[in-house]
Amino acid sequence: MKYDFSEIESKWQKKWQESKVFEAKDDFEKPKFYGLIEFPYPSGAGMHVGHIKAYSGLEVISRKRRMQGYNVLFPIGFDAFGLPTENYAIKTGTHPRQVTDKNIEHFSEQLKKVGFSFDWSRVIDTTDENYYKWTQWIFLKMFEKGLVFRDTALVNYCPSCKVVLSNEDSQGGKCDICKSDIVQKSKDVWYLRITKYADRLLSGLDEVDYLPNIKMQQVNWIGKSTGAFVDFEIKECGEKLRIYTTRPDTLFGVTFMVMAPEHPMIDKYADKIKNFDLISKYREECSKKTEFERTQLVKDKTGVKIEGFTAINPVSGEEIPIYISDYVMMGYGTGAIMAVPAHDERDYDFAHKFGINIKQVIKGGDISKEAYTESGEMINSGFLDGIKEKSVAIKKMTEYLASKGIGEAGVQYKMKDWAFNRQRYWGEPIPIVHCGKCGMVPVPYEELPLRLPEVSNFQPGEGGESPLAKIEEFVTCKCPKCGGPAKRETDTMPQWAGSSWYYLRYVDPKNDKMFASPEKLNYWLPVDWYNGGMEHVTRHMIYSRFWHKFLYDLGLVPTDEPYAKRTAQGLILGPDGEKMSKSKGNVVDPNETVEKYGADVLRVYILFMGDYASAAPWSESSVRGCKRFLERVADLPGLVKDDCKDKLDSHFHKAVKKVSSDMEELKFNTAIAQLMTLLNEIEDYGEISKEQYSVYLRLLSPFAPHLCEELWEKSGEKEMIALAPWPKYDESKTVDSTVEIAVQVNGKVRGTVCVAPDEEKDSVFKKVFADEKLAGNFTGKTVVKEIYIPGKIVNIVVK
RNA sequence: GCGGGUGUGGUGGAACGGCAGACACGAUGGUCUUAGGAGCCAUUUCUUCGGAGUGUGGGUUCAAAUCCCACCACCCGCACCA
């Protein structure tokens, strides 16, 4: 058959759309499969090959599930709020709404050309007011439950985008969007109290099936540590300075203490500090330091001794000096530490620079050279002396602290509360009203959605305030509580808001009474399999797990965790092996491949190019190889014979087994390789039965659906292959009647012998020793040991 | 620095502790052609043809790419988290 892919592909894309085969049915009797891919941000640049790889994995799984008889929900939507669209709108003077609509249309068209089996009847758009109504609704529920709070804080601020960023969006001190250096700025910030869920976000990981590296990253991100809080009295003012430590066992080794520059006690007792001028100067220097300086100068500790403050070690009674230094941060623990230079590298560096005494309390290492951070026998530690186990010493000290009322066991997390506002136009308005009399008042639920007003200028204000602040009609309003004059909040939600619950909306996208009906949620949740990029494993995933757990606590969703299983695809690198980027000029446009080789070739190539979870470079010549493969498949009908012998039968049973299981394990490359091998075998043999042909097409159809539909139809089938039953295999038929196994002598392969898979040992060795080619290996030697693993190998040890 | 991962032909990559290099790409030779960046056939880890080979060096085992120990290189997270 001539393989006219463009004709075949447009024909079947049209048929799929018209017949609605990929629309999920709310048939609660059928077993369900909910496959989720990360919905794209519809950028003006259009689709990237990375999108295709990200979607292809679950695309083939979803197609397989339909063939296995599942009711499949494989939805698509658009995460369309966000800065790039807004920046483009500012640049071109177009409204973000128009930009978004145009981009979504363009994106949809491109996705359809690849033949993804998405349910296009459930498309969602986070910027649609019928969608963001519910984003605001959930926010108000959180407000109601005390999970939303406002605070003035030093925030990560991007001077270029003029926007406050969360810690997650400013990793490494760079803006996630424009890569500019972040500065610290004092601002009013809305927070979501995600830390309240820290422990459950951590323990919930035990119940889900995420790839190990994904779990690990989330565990790291949450960053739980256990230790103790200890109170040190300050002699001069009598107040207790509370610190957090993971090493209470080293309490006897404390030789100084350090406070963060922003620690409130410094201002509180300014009059008692003799060198306050010096301290103030140091604090100023710290606030000016860029993130770069702070991270690059880690080894070079700076600080100032607080003259006039002396702390008292609560267990030894020793008097110890207190310093301020920016190696201690206000944002973690209590903003103050006990320093044990003998057993902590950072404290050691600091003590070394400032000439502070170093007191060893754990035996081992060489304290004159470096801090000893391993475990060992406790010394110079009063009642802990002689203990060799770190955990025992920690336990004993913690119990002692608690019994004396000078401390207690404690837990800390690296994860911070979620800064939840942006001073931008293209986001969900925060539905809160500020009333002089009543304070912060939520917009009543029945007034949702709180719509974005029409604005002509999307440029943020110079002071970093939202463009909404300039719209008088929007800002001025009545307090929903007292009816008095009030002002609306003008900040909008961050991009991560809409994506925190979108998988819930897919279940019931047109519901106007609720974000989704309980019956439908009950049936479809949890998401059975979620695939996406590693870059979203810490931010988007943790945020959405948090929202989900919140909704679960309100009884609004049926499961504690949203995603039962999570995998991640590897990057597609440029042909040069580098990460694709416009500046390197190594970006591959998927549309060109579709035009030139067809969507089926593109799909097969992307899944064949390498291990799905690893990065792999693009290779156009390999794309051509996949084209050749499909062309040969298109010629397969010529080999179909009615009276074909069943010589290849076991090959087919093996292939069904391998392709089926490889797909489940994300090993699409070897699944396709198996189909290639089978094709080679068929061509070598020269004929194939009608039934075998049918099996072959069904196995290949998730990967190359257009071509397989066409061949399927040509072979006389009336129904689409998309709903044909997935082939089954017979385990007993995957085993050959004879196998050729290797014969090793002293571990080296010396020949082979043909035996039955379960042949008796005696019989096998009779054949081995009768073999003329092998005989030379035994002459003049004594057989010491005979090893036979049925179906695998023979190894003979001789001397 | 900490955490995780990877290391196999010219290339992408296969390989439940059991014949390393499946499947492809590329290359070489042949065939068919006015032509070949098409198709088909053959060869393709290295080799002094004895063997040697999965980053390096040890170990466990009848048997190691695979398990254990040490080291080296690269990639990805986090980064003064007390």
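Naming: A, B, ... by sequence-line order, numbering from 1 per chain.
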Select base, sugar-phosphate, or nothing to describe what [X] touches, counting heavy atoms under 4.0 Å on all strands.
X        : value
A:Asp347 : nothing
A:Asn795 : base
A:Phe608 : base
A:Ala615 : sugar-phosphate
A:Gly625 : sugar-phosphate
A:Glu740 : base
A:Gln217 : sugar-phosphate

In whole angstrom, give the distance that lies between atom [atom1] of [X] and atom [atom2] of [N].
X        : N     : atom1 : atom2 : answer
A:Glu620 : B:G12 : CD    : P     : 18 Å
A:Gln412 : B:C80 : CD    : P     : 16 Å
A:Ile394 : B:A82 : CD1   : P     : 12 Å
A:Tyr612 : B:G13 : OH    : P     : 16 Å
A:Ile796 : B:C19 : CD1   : P     : 16 Å
A:Met216 : B:G3  : CE    : P     : 11 Å
A:Gln674 : B:G13 : CD    : P     : 20 Å
A:Asp349 : B:A82 : CG    : P     : 16 Å

Suppose you measure atom [atom1] in [N] against the same atom in [M]; what distance do you get, rounded to whole Å?
N     : M     : atom1 : result
B:G12 : B:G7  : C1'   : 15 Å
B:U54 : B:A20 : C1'   : 7 Å
B:U66 : B:C74 : P     : 22 Å
B:A35 : B:G13 : P     : 39 Å
B:U60 : B:A14 : C1'   : 26 Å
B:C25 : B:A42 : P     : 14 Å
B:C62 : B:U28 : C1'   : 41 Å
B:G39 : B:U33 : C1'   : 11 Å

> Which ranges of RNA chain B pair up as stems, where a stem means three or more consecutive Watson-Crick or G-U pairs with both distances under 3.5 Å?
Replying inline: B:1-7 with B:72-78, B:10-12 with B:23-25, B:26-31 with B:39-44, B:55-59 with B:67-71
With the side chain of [X] defined as its heavy atoms from C-beta on, choose the nearest nucleotide among [options].
X        : options             : result
A:Ser225 : B:A22, B:A82, B:C62 : B:A82
A:Ser619 : B:G18, B:C25, B:C80 : B:C25
A:Asp344 : B:A82, B:A22, B:G26 : B:A82
A:Ala616 : B:A82, B:G3, B:G12  : B:G12
A:Asn213 : B:A24, B:G12, B:G4  : B:G4
A:Ile789 : B:A82, B:G26, B:G18 : B:G18

> Is the closest side-chain heavy-atom distance between A:Val743 and A:Asp771 below 4.5 Å?
Replying inline: no
Distance only, no hydrogens: is a donor on one side chain within 3.5 Å (strictly under) of an acceptor on the other, for [X] and [Y]?
X        : Y        : value
A:Asp635 : A:Tyr3   : no
A:Tyr244 : A:Ser225 : yes
A:Tyr210 : A:Gln217 : no
A:Thr255 : A:Asn357 : no
A:His536 : A:Glu38  : yes

> A:Phe350: what forms a ring pair (Phe, Tyr, Trp, His ring centres under 6.0 Å) with it, not counting sequence neighbours?
Replying inline: A:Phe256, A:Tyr323, A:Tyr327, A:Phe354
> When you measure from the side chain of A:Asp249 to the backbone N and O of A:Ser391, does any donor-acceptor pair fall under 3.5 Å?
Replying inline: no
> Does A:Thr752 or A:Thr334 map to a spot on RNA chain B nearer the 5' end, using the closest nucleotide for each?
Replying inline: A:Thr752
> Taking for each residue the nucleotide of RNA chain B bearing the nearest heavy atom, is the 5' side occupied by A:Ile787 or by A:Ser622?
Replying inline: A:Ser622
>> Which heavy atom of A:Ala351 sits nearest to which heavy atom of A:Pro341, and what is that distance?
In response: CB-CB, 3.6 Å
Can a side chain N or O of [X] be found less than 4.0 Å away from OP1 or OP2 on [N]?
X        : N     : answer
A:Tyr244 : B:A82 : no
A:Lys667 : B:A15 : yes
A:Arg624 : B:C25 : no
A:Asn669 : B:A22 : no
A:Arg628 : B:G26 : yes

> In terms of base orientation, is B:G50 syn or anti, with the syn window spanning 90° either side of 0?
Replying inline: syn
> So, is B:G58 syn or anti if syn means the angle is within 90° of 0?
Replying inline: anti
> Going by the angle between their ring planes, with limits at 30° and 60°, are A:Tyr372 and A:His343 parallel, tilted or perpendicular?
Replying inline: perpendicular
